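Since this is a predicted model, take the numbers as computed values, not measurements. Start at 1 with the first residue, then count along the sequence.
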Amino acid sequence: MPRLPGVDHRRAGKGFRKAGYWIARESKHIAMTDGKRIIIIPRANPINAFTMGGIIRDAGMIIEEFKKPL
C-alpha cells in the first residue's frame with residue numbers, strides 16, 4: 001500500500017464530499033455515506049496513514065483517486 005501522509009479530518013471530509021459522499025452523522029467521529037457504503041472518519045489531526053488507507057479502501061477507492069481532488 002502506498003504511503004499516505006497524515007491528513008486532517010476536515011480535509012478528508014472535503015475529499016470524500018467531492019467523491020459523492022455526504023455527512024450522515026457527526027459526534028466524536030464523522031459518519032459519511034454515498035447511499036451504499038458508510039465510512040467513519042475519526043476527528044484526529046492528523047489521521048494515521050494506515051487508518052486513512054483503510055477508510056479509503058472501505059469507500060471503494062484507491063489512494064490515487066482520493067488524492068486527485070485534494
Side-chain angles (χ1 to χ4, degrees):
M1 177 190 305
R3 295 286 286 164
L4 182 69
V7 177
D8 181 78
H9 73 274
R10 284 174 252 134
R11 190 169 170 212
K14 283 182 185 179
F16 284 116
R17 269 182 264 158
K18 289 179 181 177
Y21 282 80
W22 64 88
I23 296 175
R25 183 180 59 233
E26 289 186 74
S27 60
K28 290 183 180 179
H29 292 75
I30 301 168
M32 297 184 85
T33 185
D34 66 348
K36 296 178 186 175
R37 298 178 177 169
I38 297 172
I39 56 172
I40 306 295
I41 302 171
R43 289 187 187 256
N45 292 325
I47 299 172
N48 182 324
F50 291 106
T51 303
M52 196 65 219
I55 295 168
I56 292 169
R57 194 171 346 113
D58 290 345
M61 300 168 70
I62 59 174
I63 292 175
E64 288 76 23
E65 282 180 308
F66 179 75
K67 283 183 174 182
K68 280 182 188 177
L70 296 180

Fill in: Ile41 CD1 to His29 NE2 distance, which is reported to the nearest 0.5 Å
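Between atom CD1 of Ile41 and atom NE2 of His29 there are 10.5 Å.
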Worksheet item: At what distance, to the nearest 0.5 angstrom, does CE of Met32 lie from CD of Glu26?
Response: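 Interatomic distance, Met32 CE to Glu26 CD, rounded to 0.5 Å: 9.0 Å.
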Discussion item. Quick one, Lys68 and Lys18 - any side-chain contact, counting heavy atoms below 4.5 Å?
Written reply: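 They are not in contact (no side-chain heavy atoms under 4.5 Å apart), so the answer is no.
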Worksheet item: Is there a donor-acceptor pair under 3.5 Å between the side chain of Arg37 and the backbone N or O of Ala59?
Response: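 It does hold such a pair.
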Worksheet item: Taking atom CZ of Arg25 as the centre, does the number of heavy atoms from other residues, nucleotides or ligands within less than 6.0 Å exceed 12?
Response: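 For Arg25, atom CZ is not crowded (no more than 12 foreign heavy atoms under 6.0 Å).
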Minimum-distance pair of heavy atoms, taken over all atoms of [X] and [Y]:
X	Y	answer
Ala12	Met52	CB-CE, 3.8 Å
Ala31	Ile40	CB-CD1, 3.7 Å
Ala19	Met61	CB-CE, 4.0 Å
Ile47	Pro42	CD1-O, 3.8 Å
Phe16	Ile56	CZ-CG1, 4.1 Å
Asp34	Lys36	OD1-N, 2.9 Å

Worksheet entry | Single-linkage hydrophobic cluster, 4.5 Å side-chain cutoff, Ile23 and Val7 together |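 Ile23 and Val7: one cluster.
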Worksheet item: If two hydrophobic side chains count as joined below 4.5 Å and joins carry through other members, does Ile38 share a cluster with Tyr21?
Response: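 The answer is no; the residues belong to distinct hydrophobic clusters.
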Discussion item. Restricting to side chain to side chain contact (heavy atoms under 4.5 Å, CB included), what partner residues turn up for Asn45, sequence neighbours left out?
Written reply: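 Here the qualifying residues are Asp8, His9, Arg10.
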Item to complete: Can you sort out the partners of Ala24 under side chain to side chain contact (heavy atoms under 4.5 Å, CB included), two or more places apart, ordered by chain and number?
Response: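 Per chain and number, Ala24 pairs via side chain to side chain contact (heavy atoms under 4.5 Å, CB included) with Thr33.
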